[in-house]
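The structure appears below as structure tokens.
The shown structure was predicted, so the numbers you read here are calculated from the model rather than taken from an experiment.
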Amino acid sequence: MPRRRKHWGWGFEDEQPGGAELRDAATGLAAHLGFGVPEPAMPAPVALPAPRLDVPSGWATDDHARALAAHGASYLDVVRAFRGEFPHPPDAVARPGDESELAAVLAWCAERGVAAIPR
């Protein structure tokens, strides 16, 4: 099974620092910033509304894939995703491998009046 990226930030799910490292980092950040708590928070689980479309097979419709495509990489985007806030998640994620697959994705979207958002 391929490694999964974190739904809320940078890196992979299996690259999370250990509990002691997280507590040390949280304590240091709280001391440096002058606010915050020394106990680290855990990311909220992903719970998205069901997709509204029936899409071609091969398109990802699971919550994790949709959450990854639902936000950018700015600090505010990462904080919202960490809190499990995805106000406008996509219904599906297509990953075309070449120009002909991309053309097929765009044609499918155009036929149905569905927005295709490149990422």
Side-chain angles (χ1 to χ4, degrees):
M1 181 171 181
R3 295 172 75 194
R4 286 184 7 156
R5 291 203 153 293
K6 293 177 184 174
H7 74 270
W8 58 269
W10 306 280
F12 295 95
E13 289 178 331
D14 63 350
E15 293 179 332
Q16 186 70 15
E21 284 181 277
L22 286 173
R23 279 189 293 284
D24 289 347
T27 299
L29 282 171
H32 178 74
L33 297 173
F35 66 91
V37 294
E39 193 60 35
M42 297 307 295
V46 177
L48 302 178
R52 298 165 292 176
L53 303 169
D54 289 324
V55 297
S57 65
W59 291 23
T61 57
D62 62 282
D63 283 356
H64 187 265
R66 294 170 56 218
L68 285 174
H71 62 85
S74 72
Y75 176 76
L76 187 54
D77 288 331
V78 171
V79 169
R80 283 186 185 131
F82 187 85
R83 293 177 176 163
E85 298 171 5
F86 303 98
H88 305 288
D91 290 301
V93 178
R95 296 184 183 104
D98 58 31
E99 283 185 44
S100 64
E101 291 178 8
L102 174 60
V105 168
L106 294 175
W108 185 92
C109 291
E111 289 169 7
R112 289 157 184 83
V114 174
I117 302 169
R119 184 168 159 83

Taking side chain to side chain contact (heavy atoms under 4.5 Å, CB included) as the test, write out the residues that go with A116, two or more places apart. L106, C109
If hydrophobic residues (ILVMFWY) are linked whenever their side-chain heavy atoms come closer than 4.5 Å, directly or via other members, who joins M42 in its cluster? none
Hey, what else clusters with L29 if you join Ile, Leu, Val, Met, Phe, Trp, Tyr whenever side-chain heavy atoms sit under 4.5 Å? none
For a quick test of reading the model, state the closest non-hydrogen atom pair linking A94 to V105 and the distance between them. CB-CG2, 3.9 Å
Which heavy-atom pair separates A92 from V55 by the least distance, and what is that distance? CB-CG1, 3.8 Å
Within one Ile-Leu-Val-Met-Phe-Trp-Tyr cluster: V93 and L53, side-chain cutoff 4.5 Å: no
Any pair with a residue in residues 33-58 that passes ring pair (Phe, Tyr, Trp, His ring centres under 6.0 Å), sequence neighbours left out, goes on the list, sorted by first then second residue, please. none
Within a reach of under 6.0 Å around CD1 of I117, are more than 12 heavy atoms found that belong to other residues, nucleotides or ligands? no
Write out all pairs satisfying salt bridge (charged side-chain N to carboxylate O under 4.0 Å, His left out) with one or both partners inside residues 56-72, taking only residues at least two apart or from two chains. D63-R66
Which pairs pass side-chain hydrogen bond (donor to acceptor under 3.5 Å, both in side chains) with one or both residues in residues 14-35, sequence neighbours excluded? R3-D14, R3-E15, K6-Q16
Pairs where residues 94-111 contributes a residue and the test side-chain hydrogen bond (donor to acceptor under 3.5 Å, both in side chains) is met, not counting sequence neighbours: D98-S100
Which pairs of donor and acceptor atoms, one on a side chain in residues 79-91, lie under 3.5 Å apart (sequence neighbours left out)?
from : atom 1 : to  : atom 2 : distance (Å)
D91  : OD1    : R52 : N      : 2.9
D91  : OD1    : R52 : NE     : 3.1
D91  : OD2    : R52 : NE     : 3.2
D91  : OD2    : R52 : NH2    : 2.8

For a quick test of your reading: what N or O donor-acceptor pairs under 3.5 Å do the side chains of residues 71-78 make, sequence neighbours left out?
from : atom 1 : to  : atom 2 : distance (Å)
H71  : NE2    : H7  : O      : 2.9
S74  : OG     : D77 : N      : 3.2
S74  : OG     : D77 : OD2    : 3.1
D77  : OD2    : G72 : N      : 3.2

Applying salt bridge (charged side-chain N to carboxylate O under 4.0 Å, His left out), can you list everything that pairs with R4, at least two apart in sequence or on another chain? E13
